[in-house]
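Sequential numbering from 1 along the given sequence is applied to the chain's residues.
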Amino acid sequence: MNRYKLLALAAALTGVMGAASAETTLTVYTALEADQIKAYQAAFEKANPDIKIQWVRDSTGIITAKLLAEKNNPKADAIWGLAGTSLGLMDKEGMLQPYAPKGLDQIAANMRDAKAEPTWVGMDGFAAAICFNTIEAEKQKLPKPTSWQDLTKPEYAGKIVMPNPASSGTGFLDVSAWLQIFGEEKGWAYMDALHKNIGSYTHSGSKPCNMAAAGEFPIGVSFDYRAAKLKADGAPIEAVFPSEGLGWEVEATAIMKGTKNLEAARKLADFSASREANELYKANFAVLAIPSIATSNPNLPADLTKRMIKNDFTWAATNRDRIIAEWTKRYDGKSEPKKK
């Protein structure tokens, strides 16, 4: 090989190495459903080809605990898809980097941190739902519940599965909502009565609905997206939205304070708040951070947002540890084993 070819090859290799070194790997913690992540990542990386996402995914409670445990030595650069209540707790601990993403003015006021330069910005909202297996109910001669109070009736003994609030964001939105709907004293009394009918507490918010769809339990307390998707996929599920009102939660994005990849994390925050990202979110959710993009879902009620309670996220975040400790003391004996 002559000298000129060697020089050309060296230049080419230098260019390749330079391109490779310019690529940023962004460590992103999430509690998004596994079947949502692929499309979100593909769209972001297409818009930002110099950034690659490395996911760390688990249920809301586990991701929240992991982030809090890493407070003094953060491993995450950003969070994409975690409960607003969890992010409110981290904001209180000074763990989040304030940032106003592009297009912030399009985001609904109840779907973001209220500060001018927010520490978290919402993506979508999900609401509580009961997944009711119509085939199993007919076999077992069970009436369809229409309210939360119905679930305490003796005919449902051992027939209900719901998420553990210590490990599941869906579980926590249920518990915190019941305490807000009924008041603390009556809320705990309600859960005492409900506990008698619980067959198992799961560590995932979607699992109760999946179990109901499979006929393992006739009733699963879960959330709207999972109920609507399973019904659309042909499962014998009817989604019930209890008459007292629905607890709900915001899924949101945030930047971790101290990240060494701040610019890349800001690009992620910009993308998450964009119209393009909201177009992706609407495939899974009826409530969006940019309300004008939301479309109706044939398997969800058209007035879903009106059924959602006026949720006090600040109260929920402030009292989260106390609520979970009390719930664990009272009811954890029926929780499924934690995965190792």
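Residue Lys334 places its NZ atom among more than 12 non-hydrogen atoms of other residues, nucleotides or ligands, all under 6.0 Å distant. Shown here is Lys52, whose NZ atom has more than 12 heavy atoms of other residues, nucleotides or ligands within 6.0 Å. Atom CD of Gln140 sits in a crowded spot, with more than 12 heavy atoms from other residues, nucleotides or ligands closer than 6.0 Å. The number of heavy-atom neighbours closer than 6.0 Å to NZ of Lys75, taken from other residues, nucleotides and ligands shown, is above 12. Counting heavy-atom neighbours within 6.0 Å of Glu117 CD, excluding the residue itself, gives a total above 12. Annotation: Lys115, atom NZ; neighbour count of heavy atoms from other residues, nucleotides and ligands within 6.0 Å is above 12.
A heavy-atom distance below 4.5 Å is found between the side chains of Pro163 and Pro208. Val221 has its side chain within reach of Trp148: a pair of non-hydrogen atoms, C-beta onward, lies under 4.5 Å apart. With a 4.5 Å cut-off on side-chain heavy atoms, Asn48 and Asp50 count as touching. Side-chain contact between Pro118 and Leu104 is present, with at least one heavy-atom pair separated by less than 4.5 Å. Ile324 is listed as a side-chain neighbour of Phe172, based on a closest heavy-atom distance under 4.5 Å. With contacts defined as side-chain heavy-atom distances shorter than 4.5 Å, the pair Leu179/Met191 qualifies. The closest side-chain heavy-atom distance from Ile37 to Arg57 is below 4.5 Å. A heavy-atom distance below 4.5 Å is not found between the side chains of Ser176 and Thr85.
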Next on the checklist: For Asp58 and Ile63: C-alpha separation, side-chain torsions, deciding distance, then whether side-chain contact (heavy atoms from CB on, under 4.5 Å) applies.
Outcome noted: CA-CA 6 Å; Asp58 215 312; Ile63 287 293; 3.8 Å; yes

Checklist entry - Which is it for Asp270 and Lys267 under the salt bridge (Lys or Arg N to Asp or Glu O under 4.0 Å) test, yes or no, and what are the steps along the way? => result CA-CA 5 Å; Asp270 288 341; Lys267 288 180 181 179; over 6 Å; no

Checklist entry - Given the rule in the side-chain contact (heavy atoms from CB on, under 4.5 Å) test, do Leu89 and Leu68 qualify, once you have shown the distances and angles that lead to the verdict? => result CA-CA 9 Å; Leu89 184 61; Leu68 290 169; 3.8 Å; yes

Item to check | Full working for side-chain contact (heavy atoms from CB on, under 4.5 Å) between Asp124 and Tyr225 | outcome: CA-CA 11 Å; Asp124 50 67; Tyr225 158 71; over 6 Å; no

Item to check | side-chain contact (heavy atoms from CB on, under 4.5 Å) between Tyr156 and Ile219, worked out | outcome: CA-CA 9 Å; Tyr156 297 124; Ile219 296 172; 3.5 Å; yes

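Within the model, atoms CD of Glu45 and CG of Leu26 stand 9.5 Å from one another, a figure rounded to the nearest 0.5 Å. Note: Arg275 CZ to Glu279 CD = 7.0 Å, rounded to the nearest 0.5 Å. Atom-to-atom distance recorded for Asp224:CG and Arg307:CZ is 11.5 Å, nearest 0.5 angstrom. Between the OG atom of Ser292 and the CD atom of Gln106 there is a distance of 7.0 Å, given to the nearest 0.5 Å. Here the NZ-CG distance, from Lys153 to Leu151, works out to 9.5 Å after rounding to the nearest 0.5 Å. Here Met90 contributes atom CE and Met95 contributes atom CE; the two are 5.5 Å apart, rounded to the nearest 0.5 Å.
A donor-acceptor pair under 3.5 Å is absent between the side-chain atoms of Asp77 and the main chain of Ala265, judged by distance alone. Without hydrogens or angle criteria, Arg226 side chain to Asn210 main chain gives no donor-acceptor distance under 3.5 Å. Listed for the Ser147 side chain is no donor-acceptor partner under 3.5 Å among the backbone atoms of Ser243. Checking side-chain atoms of Gln97 against main-chain N and O of Gly258 turns up no donor-acceptor pair under 3.5 Å. Formation of a donor-acceptor pair under 3.5 Å by the Ser272 side chain with backbone atoms of Leu268 is not found in this model. Looking only at distances, no side-chain donor or acceptor of Trp80 sits under 3.5 Å from a matching main-chain atom of Trp55. Panel note: side chain Asn133, backbone Ala214; no donor-acceptor pair is recorded below 3.5 Å.
Under a hydrophobic-cluster definition in which Ile, Leu, Val, Met, Phe, Trp and Tyr are linked whenever side-chain heavy atoms come within less than 4.5 Å, directly or via other members, Leu230 and Ile130 are assigned to different clusters. Put simply, Trp248 and Tyr281 are part of the same group of oily side chains (I, L, V, M, F, W, Y) that touch within less than 4.5 Å, one to the next. Taken together through direct or relayed side-chain contacts under 4.5 Å among Ile, Leu, Val, Met, Phe, Trp and Tyr, Val161 and Leu194 form parts of separate hydrophobic clusters. By the criterion of side-chain heavy atoms lying less than 4.5 angstrom apart, applied directly or through intervening Ile, Leu, Val, Met, Phe, Trp or Tyr residues, Trp120 is grouped together with Val56 in one hydrophobic cluster. Note: the hydrophobic cluster containing Phe241 does not contain Ile237 (ILVMFWY, side chain heavy atoms under 4.5 Å, direct or indirect links).
If you check the side chains of Asp192 and Tyr331, you find a donor sitting under 3.5 Å from an acceptor. Asp91 and Thr119 share a side-chain donor-acceptor pair at under 3.5 Å. Judged purely by distance below 3.5 Å, without hydrogens or angles, the side chains of Tyr190 and Glu244 never pair a donor atom with an acceptor atom. In summary, the side chains of Trp315 and Gln180 do not present any donor paired with an acceptor at a separation below 3.5 Å, with no hydrogens or angles considered. Side-chain N/O atoms of Ser204 and Ser206 include a donor and acceptor closer than 3.5 Å.
A salt bridge links Arg322 to Glu184: at least one charged side-chain nitrogen sits closer than 4.0 Å to a carboxylate oxygen. For Lys159 and Glu136, the salt-bridge test fails: no basic side-chain N is under 4.0 Å from an acidic carboxylate O. Between Glu33 and Lys229 there is no salt bridge, since none of the side-chain N atoms of the basic residue sits less than 4.0 Å from a carboxylate O of the acidic one.
Hydrophobic cluster membership for Tyr99: Ile255, Leu262 (Ile, Leu, Val, Met, Phe, Trp, Tyr linked by side-chain heavy atoms under 4.5 Å, directly or transitively).
In plain terms, the two heavy atoms of Ile107 and Ala273 that are nearest each other are CD1-O, 3.9 Å. Scanning all heavy atoms of the two residues, the minimum distance from Leu300 to Ala286 falls at CD1-CB, 3.9 Å. Scanning all heavy atoms of the two residues, the minimum distance from Ser86 to Thr64 falls at OG-OG1, 2.8 Å. Taking every heavy atom of both residues into account, Ser167 and His203 meet most closely at OG-ND1, 2.7 Å. The minimum heavy-atom distance between Gly122 and Val250, with the atom names listed, is CA-CG1, 3.6 Å. Minimum heavy-atom separation, Met111 to Leu288: CE-C, 3.8 Å.
The six-membered or imidazole ring of Tyr201 lies near that of Trp327, with a centre-to-centre distance under 6.0 Å. A centroid separation of 6.0 Å or more is found between the aromatic rings of Trp178 and Phe182.
Considering Val28, Asn284, Ile53 as possible partners of Tyr40, the one that fulfils the side chain to side chain contact (heavy atoms under 4.5 Å, CB included) test is Asn284.
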